[in-house]
Amino acid sequence: EMLELFHNLGMIVHLTSTEALKDVVTTNPQWLLDKLCKVVRDDELHVNVQEWTRLEEVGLANEMKYLTSHGVTSRDLLEFMWDNI
């Protein structure tokens, strides 16, 4: 009940829609939003030349193009974006 209360107050993020998410608690909601915004965005409005250069250097530029055109990505791209960009 405390997790639900803290979630409803916006102090934590605790999603319970799947079994996998039930055991995950994010204690810094802004951190989660920052990570999600790297993936869910309008690339025509948020063009970052340094980001594209870095993606090309590590061989993930095509995966980023696929994400922007199809809305599907790989775990490799997510991990790279969440750790490096």
Side-chain angles (χ1 to χ4, degrees):
E1 291 179 33
M2 290 303 293
L3 288 175
E4 183 179 353
L5 173 65
F6 290 154
H7 174 81
N8 290 337
L9 292 172
M11 298 170 64
I12 65 169
V13 176
H14 182 233
L15 305 174
T16 59
S17 59
T18 68
E19 285 298 316
L21 292 175
K22 281 175 118 172
D23 295 332
V24 178
V25 177
T26 302
T27 58
N28 184 349
Q30 188 61 52
W31 172 86
L32 181 60
L33 286 173
D34 292 343
K35 298 297 183 181
L36 291 174
C37 286
K38 292 181 180 191
V39 179
V40 181
R41 62 184 180 181
D42 185 342
D43 281 330
E44 291 181 16
L45 295 174
H46 303 102
V47 177
N48 184 332
V49 175
Q50 287 179 316
E51 178 182 295
W52 276 103
T53 301
R54 187 81 177 100
L55 288 167
E56 288 173 354
E57 289 172 357
V58 297
L60 293 171
N62 285 337
E63 292 189 40
M64 181 59 129
K65 290 176 186 173
Y66 194 80
L67 169 63
T68 58
S69 64
H70 294 87
V72 177
T73 190
S74 68
R75 185 179 188 113
D76 288 340
L77 181 59
L78 288 177
E79 288 180 1
F80 176 80
M81 291 177 70
W82 290 344
D83 290 339
N84 295 294
I85 295 178

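- Residues satisfying the ring pair (Phe, Tyr, Trp, His ring centres under 6.0 Å) test with F6, not counting sequence neighbours, are none.
- For T53, the side-chain contact (heavy atoms from CB on, under 4.5 Å) test picks out V49, E57, with sequence neighbours left out.
- The side-chain hydrogen bond (donor to acceptor under 3.5 Å, both in side chains) pairs that include a residue from residues 67-77 are E63-S74, R75-E79, where partners are two or more places apart or lie in different chains.
- Atom CD of E56 is separated from atom CG of N62 by 9.0 Å, given to the nearest 0.5 angstrom.
- Considering all non-hydrogen atoms of both residues, P29 and M11 come closest at CD-O, 3.6 Å.
- Under the side-chain contact (heavy atoms from CB on, under 4.5 Å) criterion, Q30 pairs with N28, L33, D34, sequence neighbours left out.
- Among residues two or more places apart in sequence or in another chain, the side-chain contact (heavy atoms from CB on, under 4.5 Å) test is passed with L15 by H7, V13, L21.
- Cluster note: Y66 groups with V72 through ILVMFWY side-chain heavy atoms spaced under 4.5 Å, whether in direct contact or through intervening members.
- With sequence neighbours left out, K22 forms a side chain to side chain donor-acceptor pair (under 3.5 Å) with E19.
- Here V39 pairs with L67, L78, M81, W82 under the side-chain contact (heavy atoms from CB on, under 4.5 Å) rule; sequence neighbours left out.
- Following chains of ILVMFWY side-chain contacts shorter than 4.5 Å, one can reach V58 starting from W52, so the two form part of one hydrophobic cluster.
- Residues satisfying the side chain to side chain donor-acceptor pair (under 3.5 Å) criterion with T27, sequence neighbours excluded, are absent altogether.
- Every pair tested for ring-ring contact (aromatic ring centres under 6.0 Å, His included) that includes a residue from residues 11-39 fails, sequence neighbours excluded, so the list is empty.
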